[in-house]
Number of protein chains: 2
Amino acid sequence: MDTKTKLISAAEQLFDRHGFTATGMDKLIKAAGMSSRTLYKHAGSKTALITEVLKERHRRFQPHIEVGSVDALFDALEEWIRSESARGCLFLRAYGETGGDIPAITEAVLAHKARLYDKIQDIVAIETDGQAMPELAEQILILYEGATAAAIYRGPEAVVSAHKAASALLQQARS
Amino acid sequence: MDTKTKLISAAEQLFDRHGFTATGMDKLIKAAGMSSRTLYKHAGSKTALITEVLKERHRRFQPHIEVGSVDALFDALEEWIRSESARGCLFLRAYGETGGDIPAITEAVLAHKARLYDKIQDIVAIETDGQAMPELAEQILILYEGATAAAIYRGPEAVVSAHKAASALLQQARS
DNA sequence: AGTAGTGTAAAACGATCATTTTACATCGTC
DNA sequence: GACGATGTAAAATGATCGTTTTACACTACT
């Protein structure tokens with residue numbers, strides 16, 4: 001594992017576990033097992049590091065979004081939450097912690113959400129032969145976000161409930 | 001407006017706008033218009049201040065939860081998000097920023113969510129004459145959380161979509 | 001053999017963090 | 001008219017913040 005990969009994955013873990021602002025560079029340095037000089041050579045700054053962590057997170061999460069059905073979408077989310085974490089959406093957390101004041105971070109967050117919504121629109125169009133109202137895609141998106149948030153305090157079962165609700169709405173749109 | 005009320009409401013605003021960790025005590029002092037000595041006399045510590053802000057937030061939000069129908073629940077959420085903020089759930093944000101490591105904060109967050117879920121269970125029981133599966137209440141909760149999260153980047157219209165989805169699920173459970 | 005690249009360890013930078021302290025002013029109340 | 005409560009202004013606390021710097025070691029290529 002090369003230096004930059006090690007840095008980004010250590011940073012992702014710490015940011016997810018303790019928050020962005022609360023995670024100091026000294027903690028990052030220790031966790032990544034490198035000197036501060038090396039860290040800054042690769043990351044540039046803390047803001048840039050956060051941005052790169054989000055972009056890497058998106059890359060890693062991508063396969064869980066790029067699926068062909070609502071069932072696969074929620075199955076993938078359930079798998080992610082069971083194996084990775086149930087600490088809420090890291091993108092929205094980054095946005096909240098920075099107040100939307102740092103353009104690079106805001107951009108990474110909005111790009112991720114735009115891709116998620118686009119994909120859900122595609123899936124819904126396919127599953128309903130384009131007959132569903134545009135509202136349905138937003139409702140599936142909301143169930144997706146809601147499952148991610150509710151899983152924080154209700155556990156991965158929340159994703160199962162959301163999955164069933166999404167299936168019901170889809171079934172209703174088809175008839 | 002007495003000193004403590006002024007402090008808590010200034011703190012709530014700053015925490016919501018810029019995040020908890022990123023908001024320094026100097027900013028709080030200026031925004032609340034008081035000396036650091038007075039602030040600490042009333043708040044005790046930053047952690048205690050965050051806890052009190054969350055408790056006050058819950059008190060202020062309470063009327064939006066304590067309603068008699070799913071319709072009223074989502075109408076109240078829509079009104080809150082349109083008039084207050086669309087920055088996500090302040091409780092979950094506090095939990096995320098502190099990593100769940102500060103017991104007083106974690107407790108305030110979980111108490112709020114427990115109250116929300118309890119109330120939704122009550123509402124669902126009333127609206128379905130107790131005939132709905134226990135899952136339905138969790139699904140309404142998920143739509144509620146999802147609307148709050150999605151409103152950050154899709155605006156208050158997300159609440160309208162969630163409202164319609166909740167009505168549809170409820171209608172389906174009744175038939 | 002020499003050099004560019006990539007790394008480490010550790011100190012230092014000034015700024016900012018949450019918190020405490022010192023010294024003083026303004027109250028309403030007994 | 002003294003007193004306790006409640007406030008202000010401002011300096012000082014020591015720790016921690018993100019970042020830069022100085023000095024040195026290892027490795028790979030020409």
Between [atom2] of [N] and [atom1] of [X], the distance in whole Å:
{"X": "B:Asp26", "N": "C:dA15", "atom1": "CG", "atom2": "C1'", "answer": "11 Å"}
{"X": "A:Asp2", "N": "C:dG7", "atom1": "CG", "atom2": "C1'", "answer": "13 Å"}
{"X": "A:Lys41", "N": "D:dT21", "atom1": "NZ", "atom2": "P", "answer": "12 Å"}
{"X": "B:Glu97", "N": "C:dC17", "atom1": "CD", "atom2": "C1'", "answer": "15 Å"}
{"X": "A:Ile29", "N": "C:dA11", "atom1": "CD1", "atom2": "C1'", "answer": "13 Å"}
{"X": "A:Leu39", "N": "D:dT21", "atom1": "CG", "atom2": "C1'", "answer": "16 Å"}
{"X": "A:Leu28", "N": "D:dT16", "atom1": "CG", "atom2": "P", "answer": "17 Å"}
{"X": "B:Lys4", "N": "D:dT6", "atom1": "NZ", "atom2": "P", "answer": "12 Å"}

Hey, do the aromatic rings of A:Phe61 and A:His64 have their centres closer than 6.0 Å? yes
Taking 4.0 Å as the cut-off, does a side-chain nitrogen or oxygen of A:Thr38 come that near to OP1 or OP2 on C:dG7? no
Does D:dG7 have its OP1 or OP2 closer than 4.0 Å to a side-chain nitrogen or oxygen of B:His42? yes
Tell me which of A:Lys6 and B:Lys27 sits closer to the 5' end of DNA chain C, going by the nucleotide each one is nearest to. A:Lys6
Check this for me: does the side-chain of A:Arg37 come within 3.5 Å of the base of D:dT22 through a donor and an acceptor? yes
Determine whether a donor-acceptor pair (one donor, one acceptor, N or O, separation below 3.5 Å) exists between the side chain of A:Ser36 and the base of D:dT19. no
Answer with base, sugar-phosphate or nothing: what part of the nucleic acid does [X] contact at a heavy-atom distance below 4.0 Å?
{"X": "A:Thr3", "result": "sugar-phosphate"}
{"X": "A:Thr23", "result": "sugar-phosphate"}
{"X": "A:Gly33", "result": "sugar-phosphate"}

Hey, is the main chain of A:Gly100 close enough, under 3.5 Å, to the side chain of A:Thr106 for a donor-acceptor pair? yes
Quick one about B:Asp101 and B:Thr98 (side-chain donor to acceptor, distance below 3.5 Å, no hydrogens or angles considered), yes or no? no
With respect to the side chain of [X], which nucleotide from [options] is positioned closest?
{"X": "A:Met25", "options": "C:dT20, D:dG18, D:dT6", "result": "D:dG18"}
{"X": "B:Ser45", "options": "C:dT19, D:dT6, D:dT8", "result": "C:dT19"}
{"X": "B:Ser35", "options": "C:dA18, C:dT8, D:dT8", "result": "D:dT8"}

Which label fits A:Phe91 and A:His112: parallel for a plane angle under 30°, tilted from 30 to 60°, or perpendicular past 60°? parallel
Test A:Glu97 against A:Thr21 for side chain to side chain donor-acceptor pair (under 3.5 Å), laying out the working first. CA-CA 7 Å; A:Glu97 281 205 36; A:Thr21 314; 2.8 Å; yes
